[in-house]
Amino acid sequence: MWDKLRTHYAQVADRRFETLVDAARAADFTAQTGDMRLDYAKTNIDAHVRALLIDLLDQTDVAAKREAMFAGAPINETEGRAVLHTALRNLDGGPVIVDGQDVMPGVLDTLARMEGFAADVRAGRFVGQGGPITDVVNIGIGGSDLGPAMATKALAPYHDGPRCHFVSNVDPADIAAVLRVCDPATTLVIVASKTFTTIETMSNARTAQAWMSQTVTDTGAQFAALSTAADKTAAFGIDPSRVFGFEDWVGGRYSMWGPIGLSLMIAIGPDAFRAFLRGAQAMDRHFQAASWQENLPAMLALVGIWHNQICGYATRAVLPYDNLLSRLPAYLQQLEMESNGKGVSMDGADLAVESGPVVWGEPGTNGQHAFYQLIHQGTRVVPCEFLVAARGHEDDLHHQHQLLVANCLAQSEALMRGRTLDEARAKVADAFEGDELERQARHRVFKGNRPSVTIAYPQLTPEVLGQIVALYEHRVFVEGVVLGINSYDQWGVELGKELATELQPVVEGKETAAGKDGSTAALVDFLQSHGVS
Ligand code: F6P
């Protein structure tokens, strides 16, 4: 099934797709749901390529697998689990059955408990030893950090609750910087960990406990936990009334819609959090109902597959022209790379195609003054994904927002059009002549023909953020199915964790580095000679 696409690519690879982009293509090579628009007209995908890409969806049974996911089938086959983050936002939907039981009553009950707790914290009914809560510290890592941290930043204009801080790294610099600005007597610590075993999170939680116990008599009373492991949260000393549980059918990197989103809910309030869920649910419905060509997650996935698996572009830049989304690239790195960065297909065979791409990025316009040089003139093609809002939240500074939007559109246009040698010569003709003119002109050539997509929306509201995140989640699902990958396990994180456990006593000087490779042993030596042990 890949051969036809490769053959066609060989025929069109050198075509300048700019010549395809007229008004009709602009209408045809977009997909829209509500007022969110995905424009993929600035790519080398033509109607024939699109049809071949859509064939991939049919050949790999994406529709049936999509329904299996929503229905609670154990599509995470290596762990024998359902994949049901969609149930967490199934606010007004029907039952969702896992192992013969409807999970929705439990989901809605936990949501109501979270709302009650968040409302109490926000209203000052839940207090610390020193009075109403002024600061919330979410301690978690990976999916227990990146989602809520990204969303809390993204929805900053909606904050009307206590300050929220996020601590993830085991590097003590992270937690020290946060605790330094908090008053233990008015701080709520939320320990967010699906497993409640993650070493970074548990180390930071114990550090926070020790910090608080210097001032607060009943530290347990100012701790809450978000986890699937009720036995472990109890052993840590957190009262069940402040434990918000979820099931193993919520993957860590898909978990911010439920308890892992508690810090976000405290920051923006239960109503805005529900709006966030509703936005995601709207995208779920669109993903389930829209034809492939109109389907934003499916088309975004197919554009990615075209660029990565067919054109061979190994990375993808995510470039939000929306500073509120500054943590989106980091969030997507986990969502996409932990989900689809795998070399073995569901049946255990080596993957026949490349795995998912390297995802990276920074907000525009900042990136323009840093790495866009390579995107425009480097030898490798980097497909770009722009996100842009029609309006910001600073009405009095809308003229600056207009400048932001102009920059976003200019970048995708520049990537596509480029600048020819003749145009470059004209630019420098006044300043140089002869060979020097030629040399100077060549430095100013942009090859162009570089693809990008643009996701445009009216304003970054809680609903729109929910839509954006669900769009990316479903894109990952589609990409995983087409590539034959299980997007919902993460065995690739295990080896490093095991070796770190082995190395800890070596670093501490309690064991020797015997048996370690020469490089590792020498690095331990060096760090020990400078005080690590
Ligand atoms: O090590 C990877 C990982 O398991 C991620 O998948 C997960 O989001 C993160 O660690 C944190 O896990 P937990 O929520 O169980 O602490």
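Just so it is clear, the structure is predicted and the values come from calculations on it, not from any experiment.
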For a quick check under 3.5 Å, do [X] and [Y] share a side-chain donor-acceptor pair by atom type?
{"X": "Asp46", "Y": "His8", "value": "yes"}
{"X": "Trp249", "Y": "Asn76", "value": "no"}
{"X": "Tyr254", "Y": "Ser339", "value": "yes"}

Indicate the ring-plane relationship of [X] and [Y], choosing parallel, tilted or perpendicular according to the 30° and 60° boundaries.
{"X": "His376", "Y": "Tyr372", "result": "tilted"}
{"X": "Phe371", "Y": "Trp360", "result": "perpendicular"}
{"X": "Tyr488", "Y": "Phe477", "result": "tilted"}

Please give me the minimum heavy-atom distance between [X] and [Y], naming the atom from each residue.
{"X": "Gly480", "Y": "Ser487", "answer": "CA-OG, 3.4 Å"}
{"X": "Ala192", "Y": "Ser144", "answer": "O-CB, 3.2 Å"}
{"X": "Val359", "Y": "Met337", "answer": "N-SD, 3.4 Å"}
{"X": "Val167", "Y": "Val137", "answer": "CG2-CG1, 3.9 Å"}
{"X": "Asn486", "Y": "Ile75", "answer": "OD1-O, 4.1 Å"}
{"X": "Leu88", "Y": "Gly258", "answer": "CD1-N, 3.7 Å"}

[atom1]/[X]: more than 12 non-hydrogen atoms of other groups inside 6.0 Å:
{"X": "Asp171", "atom1": "CG", "result": "yes"}
{"X": "Asp435", "atom1": "CG", "result": "no"}
{"X": "Lys65", "atom1": "NZ", "result": "yes"}
{"X": "Arg15", "atom1": "CZ", "result": "yes"}
{"X": "Glu354", "atom1": "CD", "result": "no"}
{"X": "Gln402", "atom1": "CD", "result": "yes"}

Would you say that [X] contacts [Y] through its side chain, given a criterion of any heavy-atom pair below 4.5 Å between the two side chains?
{"X": "Val318", "Y": "Leu387", "value": "yes"}
{"X": "Thr365", "Y": "Leu404", "value": "yes"}
{"X": "Val96", "Y": "Phe70", "value": "no"}
{"X": "Val478", "Y": "Phe287", "value": "yes"}
{"X": "Asp322", "Y": "Val388", "value": "no"}
{"X": "Trp292", "Y": "Val62", "value": "yes"}
{"X": "His159", "Y": "Lys153", "value": "no"}
{"X": "Val428", "Y": "Asp430", "value": "no"}

Between the side chain of [X] and the main-chain N/O of [Y], is any donor-acceptor distance below 3.5 Å?
{"X": "Glu479", "Y": "Asn340", "result": "no"}
{"X": "Gln293", "Y": "Met299", "result": "no"}
{"X": "Asp489", "Y": "Trp491", "result": "no"}
{"X": "Asp61", "Y": "Ala64", "result": "no"}
{"X": "Gln459", "Y": "Gly392", "result": "yes"}
{"X": "Thr461", "Y": "Val464", "result": "yes"}
{"X": "Glu463", "Y": "Ala275", "result": "no"}
{"X": "Asn44", "Y": "Pro451", "result": "no"}
{"X": "His474", "Y": "Leu296", "result": "no"}

Any carboxylate oxygen within less than 4.0 angstrom of a Lys/Arg side-chain nitrogen, looking at [X] and [Y]?
{"X": "Glu336", "Y": "Arg475", "value": "yes"}
{"X": "Arg89", "Y": "Glu473", "value": "yes"}
{"X": "Asp92", "Y": "Arg285", "value": "yes"}
{"X": "Lys497", "Y": "Glu200", "value": "no"}
{"X": "Asp145", "Y": "Arg253", "value": "no"}
{"X": "Arg419", "Y": "Glu423", "value": "no"}
{"X": "Lys194", "Y": "Asp248", "value": "no"}
{"X": "Arg37", "Y": "Glu294", "value": "no"}
{"X": "Asp3", "Y": "Arg6", "value": "yes"}
{"X": "Lys42", "Y": "Glu18", "value": "no"}

> Do Arg425 and Asp422 pass the salt bridge (Lys or Arg N to Asp or Glu O under 4.0 Å) test, and can you show the C-alpha distance, the side-chain angles, and the key distance before you say yes or no?
Replying inline: CA-CA 5 Å; Arg425 280 192 193 108; Asp422 277 348; 2.6 Å; yes
Drop me the distance from [X]'s [atom1] to [Y]'s [atom2], to the nearest 0.5 angstrom.
{"X": "His399", "Y": "Glu394", "atom1": "NE2", "atom2": "CD", "answer": "11.0 Å"}
{"X": "Ile310", "Y": "Leu5", "atom1": "CD1", "atom2": "CG", "answer": "4.5 Å"}
{"X": "Leu332", "Y": "Ile468", "atom1": "CG", "atom2": "CD1", "answer": "10.0 Å"}
{"X": "Leu403", "Y": "Leu397", "atom1": "CG", "atom2": "CG", "answer": "12.0 Å"}
{"X": "Gln467", "Y": "Met36", "atom1": "CD", "atom2": "CE", "answer": "4.5 Å"}
{"X": "Arg450", "Y": "Thr43", "atom1": "CZ", "atom2": "OG1", "answer": "15.5 Å"}

>> Between Met256 and Val469, is the side-chain contact (heavy atoms from CB on, under 4.5 Å) condition met? List the steps.
In response: CA-CA 10 Å; Met256 75 165 127; Val469 178; 3.7 Å; yes
>> Assess the residue pair Phe166 and Arg327 against the criterion (side-chain contact (heavy atoms from CB on, under 4.5 Å)); give the C-alpha distance rounded to whole Å, side-chain angles, the decisive distance to 0.1 Å, and a yes or no.
In response: CA-CA 12 Å; Phe166 292 87; Arg327 294 293 288 157; over 6 Å; no
>> I'd like to know whether Glu436 forms a side chain to side chain donor-acceptor pair (under 3.5 Å) with Gln440, so could you lay out the CA-CA distance, the side-chain angles of the two residues, the decisive distance to 0.1 Å, and finally the verdict.
In response: CA-CA 6 Å; Glu436 185 58 7; Gln440 291 285 348; 2.9 Å; yes
>> Taking the six-membered ring of Phe29 as reference, does the cationic atom of Arg50 (NZ for Lys, CZ for Arg) lie under 6.0 Å from its centre and within 45° of its axis?
In response: yes
> Given His165, which of Val178, Ile175, Asn138, Thr152 fulfils the side-chain contact (heavy atoms from CB on, under 4.5 Å) condition?
Replying inline: Val178
> After noting the C-alpha distance and the side-chain angles of His307 and Arg316, does the key distance pass the side-chain contact (heavy atoms from CB on, under 4.5 Å) rule?
Replying inline: CA-CA 9 Å; His307 287 148; Arg316 179 199 304 141; over 6 Å; no
